[in-house]
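The structure displayed is predicted, hence computed values, not measured ones. Here is the naming used below: chain letters follow the sequence lines, and residue numbers restart at 1 for every chain.
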Amino acid sequence: MYRYDDFDEAFVRNRVAQFSQQIGRRVEGALTEDEFRPLRLMNGLYLQLHAYMLRVAIPYGTLDSRKMRQLAHVAETWDKGYGHFTTRQNIQFNWPKLTDVPAILTALADVGMHAIQTSGNTIRNVTADHFAGAAADEIADPRPYAELLRQWSTDHPEFQFLPRKFKIGITGAPHDRAVTRSHDIGLQMRRGPDGSIGFEVSVGGGLGRTPLIAQSVREFLPEADLLAYVEAILSVYNMLGRRDNKHKARLKITLHELGRDTLAALIEARFEELRGHVPETLGPALDRIRAAFAPPAFRQADTAVHEATLRVDPLYRRWAETNLAEHRDAGHAMVTVSLKAHGATPGDASAAQMRVLADLAEAYSYDELRISHEQNVILPHVHKSDLPVVHAALLRAGLATANVGLVSDIIACPGMDYCSLATARSIPIAQAIGLRFKELDLEHEIGPMKIKISGCINACGHHHVGHIGILGLDRAGVETYQITLGGDGTETAAIGEKAGPGFAYDEVVPAVERLMLAYLDLRTAPGESFLEAFRRLGPAPFRAALYETEGARDAA
Amino acid sequence: MSPRFSPSVVTANALLEGDVVWLTADGVWTRRMAEAELIADPERAEARLQLAQGQHHSVVGPYLAPAKPGPNGPEPTHFREAFRTRGPSNYPHGKQEDPAHVSL
């Protein structure tokens, strides 16, 4: 994986020193909160409901054991012994003291990590397919391009004061696991007619208050033009983005107001101006970055122990069915470690669990780890002969929950348990759904199901693209939950439809249960997923089940 | 000031820890809501808020939060303010770690 060069190192160290001084001046009273707030947000430090929160970037979700151990150290030394992995592949610490932040940032810098541009109206952490560099269906590893974009966007003087935050997502595979079309720029790798690598570029995606799926503005952009084209998009947005109204300031609104064709023409015109200015050193720079992401030399060995364990150990078999995915090397597998134990907080890992994951990565996954936007951790390259040992170690650490892609593998934002923007809680809803479906023991029968929960309309929990989306709102001083149906975050992206009136806090779990039982009744065969059944039948029978109206089965 | 002013407390977050604090009648900050001053008069509420806003060296983001009288002192009327008196619901962290800090 990419390691900081001297420039990266000096930049991060300088920023730590600068922000530490700013914290010192705030504590001494030389800076007011109005003066300090934009400075702390530039450095990923929020003030939430009960405490400060530090959001640390995990570029394109890639970590090694050294970084993961340092996150464990931070969690244990300056926080409450855990961290929260987010839907943007970052980690959040929920309890740092203001005066401890310089020490935390220094510890992070020691392993090439930081919290820069994890907040504010800048280009945020570039997110990528969590199976990048390992997936069987991939054209090429998208992370070298993500790293190029990271270097280009970090402290980019033109793009530090954008109209609003700006998110870029990238995937190298035709199956979109990175929700690229919910980003301001979605990059989907394609092969040109001559076999060369390029990208389909979509712009103007975003969830939040006005959810919109990104629209394609370039079917095939050669890789050599990537930086100039992305800069052209940012440049047009920086000029035309609505600075008069925060709620209309994202690129998606510019796209909506101008129309795709006009926006695309403006981007192309700006691109023509910029493409001649891309330095000739870009090609060699990309080659150097690419070399840092060269795949490991995958070892060849017998996989009989894996097959034998599958036959004799039902617990292992169930885990293998849900938590393993096909690796590009037939002898290896990608292991998704679920951070969704039934009843646990989605995305949370204790310091002890982080260390187990670091140890396993070092011993069995060529020292690589990934964080997924679905708030799980991936061991991307595990040889199949090592899987039984890895599974046993995960079991001991409480990390072997066999539920990836199922009902209880829920995305949930921190909600009103932590976030000062939230209008209702998310986490306890996720916990309760997980516990109920464990009790029912139905989730393996139900099959692929994506439930996504947000505690406010900003949609950090991606509820719009959940097969079932749950949005927590404050309705006249009462927590109320609106359910959406039929959302999809993949290459067939769709925004879910509102089902109808909201549900009270205690009514959400029974409502989800009615939906699931109705689906089991309605599907033509076990192979027809919830989303497929919804697309075939439309919302009516699901609404009937949700609201127990006439014609619905009695699911009570 | 709104004609429909409801009794309120002045609340904020402490600068160093971010912990929730309330303003007492003596003009000091407390970690227990029950010790806060419940202000029924809108003009006094505005004056107390201004006082709080001047204390940016010790607190962040002061605002008026509606509250009601309880047997031990002011109590929250909105669920958000109730969560602020306790901490998150998924772990026993925050004020609920130390029962002395929980008003309710």
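Heavy atoms of A:Tyr418 lying under 4.5 Å from chain B belong exclusively to its side chain. Heavy atoms of A:Val478 lying under 4.5 Å from chain B belong exclusively to its backbone. With a 4.5 Å cut-off on non-hydrogen atoms, A:Ser420 touches chain B through its backbone and its side chain both. Proximity to chain B (any heavy atom under 4.5 Å) is shown, for A:Ile23, by neither the backbone nor the side chain. In this structure, chain B has heavy atoms under 4.5 Å from both the backbone and the side chain of A:Arg26. A:Gln48 touches chain B through its backbone: at least one of N, CA, C or O sits under 4.5 Å from a heavy atom, while the side chain does not. Using a 4.5 Å cut-off between heavy atoms, A:Leu49 touches chain B through backbone and side chain atoms alike. The part of B:Asn13 that comes within reach of chain A is its side chain, from C-beta onward, which places non-hydrogen atoms under 4.5 angstrom from that chain.
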Intermediate values then yes/no, side chain to side chain contact (heavy atoms under 4.5 Å, CB included), A:Met354 and A:Glu76: CA-CA 11 Å; A:Met354 289 183 212; A:Glu76 226 163 46; over 6 Å; no
Would A:Asn403 and A:Ser408 satisfy side chain to side chain donor-acceptor pair (under 3.5 Å), going step by step from the backbone distance to the final call? CA-CA 6 Å; A:Asn403 64 346; A:Ser408 58; 2.9 Å; yes
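A salt bridge does not link A:Arg25 to A:Glu35: none of the charged side-chain nitrogens sits closer than 4.0 Å to a carboxylate oxygen.
With respect to chain B, the highest number of heavy-atom pairs below 4.5 Å among A:Arg425, A:Lys97, A:Glu28, A:Glu33 belongs to A:Arg425. Heavy-atom pairs under 4.5 Å with chain B peak, among A:Asn94, A:Asp348, A:Thr99, A:Asp100, at A:Asp348.
The aromatic rings of B:Tyr91 and A:Tyr82 sit tilted relative to each other, their planes meeting at an angle between 30° and 60°.
There is a side-chain donor-acceptor pair under 3.5 Å between A:Asp474 and B:His78. Side-chain atoms of B:Thr11 and B:Arg84 include a donor-acceptor pair closer than 3.5 Å.
To the nearest 0.5 angstrom, A:Cys419 atom SG is 7.5 Å from A:Asn458 atom CG.
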